[in-house]
Every structure is written in C-alpha cells, then in structure tokens.
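Report on the following structure.
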Amino acid sequence: MNVSSQKILIVDDIEDNRFTLERRLSRSGYSAISQADCGKKALELVKEENFDLILLDLMMPDISGLEVLKILKADPKNRSIPVVMVTAADEIETTAECISSGADDYITKPINATLLKARVTACLEKKRFRDSEENYLSKVEADKKRTQTLLKQVLPEKVAEELNSSGLVRPRKYDDIAILVCDLVGFTAFCESNPPEKVIDNLQEIFEKFENEIENSGLEKIKTVGDAILATGGLTRSLENPVQSAAKCALNLKKIALGSGHNWSIHVGIHFGPLVAGLIGKKSFQFDILGGNVNTAFNLCDSTEPNEIILSNEAWMSARSDLEVKSKGLMKLKSDSEIEVLELLNCY
C-alpha cells in the first residue's frame, strides 16, 4: 500500500507535539494525517473513520492515553488498529501497562525522527499482514457459505448438513418411504421441435414450480432425470403419513402442469417401501436412492396415461383411509412380477 494513503491519527493535548509528529511523518511520505487534542475527540474520530495507525499520548487531562487504549482494544471493531504510545522517558511502569493492555509499540519524548519512522513503518506493515489475513479468512468463510448453500440446493437439507459436519454421508437403508416419480408428457418431442433456449427455459420454469410444491409438501427432491423428477417422503424429514403427503403433492403437480403456459400433461407413479440411499460418485457425486422399490415407482410412472396418477397397492394400503382411488387391476412390471395398481382420484 502507498504510504500516502495510510491514515494516521495523532492524539495529544499539546499542539506543538502534534505539529512535530505530523511534520516528521510528512517528511516520510505520510499525508493522510488527522489530529485529536484529547482522548474524547480521538474516540469520536475512530467511530467516524478507519485509521491504519494511532499515535497516542499517554498523559492527557480528560482521558488518559491508557484509558483510551483500553477502550479501543475492548471494541472488536477497533482492536486491530495499531497503537503506538507516545510517553515520557520516566513513565516506564505506565508504558509497560500500556503494552500489556494491547499497545503495539511506544516511543519516548523527545521524538527521534529515525526511530519514529521505523516504528510507524513496522506497525503499519504488521497491520497490512493482519488485514490480508483477515481478507483471506473472510473469503474462505464466504466460499464456505456458498458451498453450503449450493449443497443444500443439490442435496436434501439433512444430507447436506451431514456432509458439511462429517465430510461424508453414511449409506443407510430406510423403511416405509413414499417414492414419487413425475414425468412430463411429450417433452422429448418438444425438445426435437424447439430451439435449446426454449427447451431449457420451459423445463426450468415448470421444474422450479414442481420443486417448490415438493418442498411445501414436506417431500425431498432427490434428482431430475431428463424431464422426470424423483422425490421421496419420509426419507430425511419426518412425515406422519408419507404416502398421503405424496398423493397431495401429485395432485398439485398436476394442477401446476395444466396451468402452465405450455399446458403440460404429466405421468405420476407413487410406490411405498424400503430403499437404500447414499452418496454416489467422488468427483461428481449425487445423493441417490436405490432398490427394487425405486424401479417399481418408475415402472408405475411409465405405465400411466397422461395426467393419471397411479399408486401401487402398497402405497394405497399405507394411506387408504385418506385416499379416494379406483382399481386398475394387475400390472406386470419389467421384473415380470405383477402388482395391483390404483388410480388416485382424490386425497383428504
């Protein structure tokens, strides 16, 4: 930093002393110099301006230099300002107390110009290093907060918190989880007949609304797969009835899709059961859910008609008193097993 821009405050009740200090500092290139003729005035100036160094006389009639020093060092906003005490040669004990109270250095009267320049330069250099370190730590803290925010955007909140606190996410098996898969009807054809900007804008617009509804319903968005969105109920958040919450969410997703500018239709499949979840990947990681029940939810979604919401019998049984459904009979899964499926009509 250019010395001419470094702000120095001289505090002394005797005008000649202030003039002598300012003149000698000016000869060394320091021009941003302020003066205070008492301790009270000095404290007022410190509140108004950011100083790089304070030359503080020890003996003053209103507030002693020692008291001013203690006030400065007690304030976290001002304690980093270097303070050089200006003392008489016979004030050794009080000068020692100033050093113990946080003064960075001292200089005795009469002022030696060479010694003054050396001590001022050394204190300002230390402050420059401290400021650089503080700026670095602030940047690290800001980067950390941005990382935490980003993690919470791409991972369920509890998973992001576990990753932040321990550096890893333990894989677990979860029981009684509602699994919801929602897919846009005809989006592939839409992609092929529209420019990329329009495709992404449309998908972003409706998925933002879908994500808000998933969040408001108490579910957790796990991931998007193309134009499909995968969410769970009861995985990292406690829900009284995960399937009921998933059913209400599905009905609202349908309303959102139909009310969108493109008037989208959706497929929705809801299943219920245990699954395994964990963080997959190293360089490019993703929190994911795995198991046959996840595959079943995707199979259910794939089998629906536009704007139809299908539940497995397991999902319906867990919330049957809260759902109005219509049986669609048996459905053969890709695994060749058959399950009863039901169309969701309403949720109470």
Side-chain angles (χ1 to χ4, degrees), residues 1-13 17-18 20-60 62-88 91-109 111-148:
M1 182 185 289
N2 193 321
V3 296
S4 64
S5 64
Q6 294 180 302
K7 301 178 71 173
I8 299 174
L9 174 63
I10 299 171
V11 187
D12 198 309
D13 62 306
N17 291 343
R18 297 196 305 273
T20 299
L21 284 169
E22 181 169 358
R23 183 180 59 187
R24 291 182 176 176
L25 289 171
S26 297
R27 288 174 180 173
S28 298
Y30 298 101
S31 57
I33 300 173
S34 300
Q35 294 187 17
D37 58 5
C38 64
K40 183 178 179 182
K41 177 66 174 177
L43 293 172
E44 290 175 355
L45 286 173
V46 168
K47 289 181 180 180
E48 297 170 1
E49 300 183 50
N50 296 318
F51 290 100
D52 295 299
L53 175 71
I54 297 175
L55 291 169
L56 181 59
D57 186 39
L58 179 58
M59 300 302 294
M60 291 186 292
D62 64 333
I63 309 175
S64 72
L66 177 58
E67 289 303 312
V68 171
L69 174 69
K70 289 179 178 179
I71 293 170
L72 289 172
K73 297 301 179 180
D75 187 341
K77 292 183 292 185
N78 298 322
R79 65 173 56 144
S80 63
I81 305 174
V83 177
V84 176
M85 303 303 299
V86 181
T87 70
E91 296 171 333
I92 299 300
E93 289 188 7
T94 310
T95 302
E97 187 178 356
C98 289
I99 299 297
S100 298
S101 299
D104 294 78
D105 210 335
Y106 72 97
I107 188 167
T108 58
K109 304 172 185 177
I111 303 298
N112 179 285
T114 302
L115 193 57
L116 172 67
K117 180 180 178 181
R119 291 186 169 173
V120 166
T121 300
C123 285
L124 288 171
E125 187 69 6
K126 288 179 185 177
K127 184 176 188 298
R128 186 177 70 82
F129 283 128
R130 283 200 298 266
D131 289 346
S132 296
E133 184 180 52
E134 183 63 32
N135 289 336
Y136 174 75
L137 292 175
S138 297
K139 184 177 183 300
V140 169
E141 185 63 27
D143 289 343
K144 181 180 177 182
K145 288 180 179 179
R146 279 195 294 269
T147 300
Q148 291 172 345

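Heavy-atom basis, side chains included; hydrogens, waters and symmetry copies ignored.
Between Asp62 and Lys40, none of the side-chain N atoms (NZ, or NE/NH1/NH2) sits under 4.0 Å from a carboxylate O, so this pair counts as no salt bridge. We find that Lys47 and Asp75 are not joined by a salt bridge, their nearest charged nitrogen and carboxylate oxygen being 4.0 Å or further apart. Ion pair Lys109/Glu91 not flagged as a salt bridge, since none of the NZ, NE, NH1 or NH2 atoms sits closer than 4.0 Å to an Asp/Glu carboxylate oxygen.
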field: Stepwise side chain to side chain contact (heavy atoms under 4.5 Å, CB included) test for Tyr30 and Asp52
entry: CA-CA 11 Å; Tyr30 298 101; Asp52 295 299; over 6 Å; no
message: Go through it in stages, so that I can follow the logic: the residues are Leu9 and Lys7, the test is side chain to side chain contact (heavy atoms under 4.5 Å, CB included), and I'd like the CA-CA distance, side-chain angles, deciding distance and then a yes or no.
response: CA-CA 7 Å; Leu9 174 63; Lys7 301 178 71 173; over 6 Å; no
- request: Take Lys70 and Glu97 through the test side chain to side chain contact (heavy atoms under 4.5 Å, CB included) and record every step on the way to the result.
  value: CA-CA 10 Å; Lys70 289 179 178 179; Glu97 187 178 356; 3.5 Å; yes
query: Would Leu55 and Val120 count as a side chain to side chain contact (heavy atoms under 4.5 Å, CB included) if you check the C-alpha gap in whole Å, the side-chain angles of each, and the deciding distance to 0.1 Å?
result: CA-CA 9 Å; Leu55 291 169; Val120 166; 4.3 Å; yes
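Residue Leu69 holds its CG atom at 9.0 Å from CD1 of Ile54, rounded to the nearest 0.5 Å. Atom CD of Glu22 and atom OG of Ser34 lie 8.5 Å apart (nearest 0.5 Å). Between the CZ atom in Arg119 and the CG atom in Asp104 there is a gap of 12.0 Å [rounded to 0.5 Å]. Here the CG-SG distance, from Asp105 to Cys98, works out to 12.0 Å after rounding to the nearest 0.5 Å. With rounding to the nearest 0.5 Å, the separation of CD1 in Ile33 from CG in Leu25 is 4.5 Å. Taken from OG1 in Thr121 to CG in Leu53, the straight-line distance is 9.5 Å, to the nearest 0.5 Å.
Each of Arg128, Lys127, Glu134 was checked for a side chain to side chain contact (heavy atoms under 4.5 Å, CB included) with Arg130, and the lone residue meeting it is Lys127.
Although no hydrogens or angles enter the test, the distance criterion places a donor-acceptor pair under 3.5 Å between the side chain of Arg24 and the main chain of Ile111. At distances below 3.5 Å, at least one donor-acceptor pair connects side-chain atoms of Lys73 with backbone N or O atoms of Ile81. No donor-acceptor pair under 3.5 Å is formed between the side chain of Asp37 and the backbone N or O of Asp13.
Between Val68 and Gly39 the shortest heavy-atom distance is CG2-CA, 3.6 Å. When all heavy atoms of Pro82 and Cys123 are compared, the closest pair comes out as CG-O, 3.8 Å.
Looking at heavy atoms from C-beta onward, Leu58 lies in side-chain contact with Thr94 at the 4.5 angstrom threshold.
By the 6.0 Å contact criterion, CG on Asn50 is open, its count of non-hydrogen atoms from other residues, nucleotides or ligands being 12 or less.
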